[in-house]
There are 2 protein chains.
Amino acid sequence: MDRPLVPFGRPRAERADAARNREHLLDAARLMIAEHGVDKVTMDALAERAGLGKGTVFRRFGTRAGIFRALIEADERRFQELVLSGPPPLGPGADPVERLVAYGRARIRFLLEHRTLARAAIERGQPLPEGEVDMTALHLRVLLVQADPDLGEPDGLAIMLKAALEGPPLMFLASDEPRSPREAEHLLTESWRTLVERLLPQQTPADRP
Amino acid sequence: MDRPLVPFGRPRAERADAARNREHLLDAARLMIAEHGVDKVTMDALAERAGLGKGTVFRRFGTRAGIFRALIEADERRFQELVLSGPPPLGPGADPVERLVAYGRARIRFLLEHRTLARAAIERGQPLPEGEVDMTALHLRVLLVQADPDLGEPDGLAIMLKAALEGPPLMFLASDEPRSPREAEHLLTESWRTLVERLLPQQTPADRP
DNA sequence: AATATAAGCGGGGTAAAGTCCGTTTAATAT
DNA sequence: ATATTAAACGGACTTTACCCCGCTTATATT
């Protein structure tokens, strides 16, 4: 008759078979992608390959895009750790403008390296794939304010700069002629630097006594 | 036996019945959207509503997204005309920085007003929906170079600024809390102004003799 | 007016995402 | 060890975009 003493604990850890099956599914997905590319990863084929039912696939990942999001997640976490506690200028310690430039360079490279998965991880519904909160917009906002406390509309600017940074690699420079990822990386990185350095006052040595 | 004397004329104008059916389909789509929203516009339902076969719908518009692209097209053309030959500062004649600010304001409003259709017009494949060429990136590039001929990487900057301008309204400020379109429009317009005016040297009266 | 032909048409067929619900089972309480 | 139950499972079912291809017709040519 007693109710559990801690009725509000987290919703009870994932069952062991569920965790095992998730790994099976992710492994199967990785193999299928390596063999035939993302397009051939259908929910039916993935379920069969992993020896599970289709319902299980949807229960685990919600949507097709969810599978690809899960595949990127580990790398994304590593990336965020470098940003939050790695060496400067990407990590804390450097001048905010330098950190913004470094973040852009790293993010562009990350997205271009993961572009196939990242594109497949975009939901056909509303927003871009974010792990609960939008780390990029958040981080950009913080650095923008640090670089210039008097900046108007930091929220809006953070949103726009996030789009400027992440849109082109995800769409792989949607416009005009095709470019190699190498050329794209260089072009975008340099453009980002220009954008950031012009947008924010350079902190020259003369500024600090 | 003779082949046509002008074998390379354009591929022969659209047949009258085809044009008529296209209008019927667009009318039907508009009605269905007004009544039940874009999601209920399925290819089967649209075909039936217009009294045509499903194959005809695909022949006319290629994909589902193509229908929504066609619905926006007229408005998009009007917009481009205002930009190319309307009154300044949106049209030609004003200072490039002013034109960039004006273009951003107009584009943000346009995309927010059309956001439902515009989102539905995005293909689940690669690029964002563009009418053959990417007018926004092109226009931004021209104005950027006019405003500052020494700007490095105008191509990359144009691509990034296009993403900064069009991404947020299309994704409707994907991140954080929901905002009303009104608030969104104001926030983005002001942010765009800040971005452009900081990015480019203000043309002060003193600069011109 | 008759003919030729490329364009258009229709609707059944396929593939794939996502839903539903009855059955099974891991984890926990007794 | 047994009972309990919430979670997990599986696979049939539904929905929808998109393909295919034999038939029809508008238009141009003679």
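Every chain is numbered from 1, with letters handed out A, B, ... down the list of sequences. Heavy atoms only: backbone and side chains are in, while hydrogens, waters and symmetry mates are out. None of the values given here were measured: they were computed from a predicted structure.
- Shown here are the side chain to side chain contact (heavy atoms under 4.5 Å, CB included) partners of A/D17, two or more places apart in sequence or in another chain: A/R15, A/R20.
- Under the rule for a side chain to side chain contact (heavy atoms under 4.5 Å, CB included), the partners of B/R193 that lie at least two apart in sequence or sit in another chain are B/V101, B/R105, B/E190, B/E197.
- Note on A/E81 versus A/R77: no salt bridge recorded, every NZ/NE/NH1/NH2 to OD/OE distance being 4.0 Å or above.
- Atom P of nucleotide C/dG10 and atom CZ of B/R60 are separated by 11 Å, given to the nearest angstrom.
- For A/F79, the ring pair (Phe, Tyr, Trp, His ring centres under 6.0 Å) partners at least two apart in sequence or on another chain are A/Y103, A/F110.
- Applying the 4.0 Å criterion to OP1 and OP2 of D/dA26, one finds that B/R20 has every side-chain N and O outside that range.
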Please tabulate, for side-chain N and O atoms in residues 137-150 of chain B, each donor-acceptor pair with protein atoms closer than 3.5 Å (sequence neighbours left out).
unit_1	atom_1	unit_2	atom_2	d
B/R141	NH1	B/D155	OD1	2.6
B/D148	OD1	B/D150	N	2.9
B/D148	OD2	A/R198	NH1	3.0
B/D148	OD2	A/R198	NH2	2.7

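- The side chain to side chain contact (heavy atoms under 4.5 Å, CB included) search around A/H36 returns A/K40, not counting sequence neighbours.
- Every residue two or more places apart in sequence or in another chain that forms a side chain to side chain contact (heavy atoms under 4.5 Å, CB included) with B/N21 is listed here: B/H24, B/L52.
- In this structure, the CG atom of A/D39 is 10 Å from the P atom of C/dA17, given to the nearest Å.
- Phosphate contact (OP1/OP2 of C/dG8, side-chain N/O of B/N21, threshold under 4.0 Å): absent.
- Sorted pairs that involve residues 43-69 of chain B and meet ring pair (Phe, Tyr, Trp, His ring centres under 6.0 Å), not counting sequence neighbours, are lacking altogether.
- Near DNA chain C, meaning a heavy atom under 4.0 Å away, there are no residues from residues 28-38 of chain B.
- Looking at residues two or more places apart in sequence or on another chain, you find no salt bridge (charged side-chain N to carboxylate O under 4.0 Å, His left out) involving A/R99.
- Phosphate contact (OP1/OP2 of C/dG8, side-chain N/O of B/T56, threshold under 4.0 Å): absent.
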So which protein nitrogen or oxygen atoms get under 3.5 Å of nucleotides 19-25 of chain C's nitrogens or oxygens?
unit_1	atom_1	unit_2	atom_2	d
C/dT25	O2	A/R15	NH1	3.4

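- Neither OP1 nor OP2 of C/dG8 sits under 4.0 Å from any side-chain N or O of B/R22.
- Within the structure, side chain to side chain donor-acceptor pair (under 3.5 Å) pairs that include any residue of residues 55-67 of chain A comprise A/T63-A/E123 (at least two apart or interchain).
- The A/E14 side chain lies nearest to D/dA8 when the options are C/dA26, D/dA8, C/dC9.
- Taking a 4.0 Å limit (strictly below) on heavy-atom distances, residues 42-50 of chain A reaches DNA chain C at A/T42, A/M43.
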Exercise for the section: Kindly determine whether B/L165 and B/L195 satisfy side-chain contact (heavy atoms from CB on, under 4.5 Å), including the steps that lead there. Expected result: CA-CA 10 Å; B/L165 185 58; B/L195 192 60; over 6 Å; no
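- Residue A/R64 places no side-chain N or O under 4.0 Å from the OP1 or OP2 atom of C/dG18.
- Closest to the side chain of A/L52, out of D/dC18, D/dG10, C/dA17, is D/dG10.
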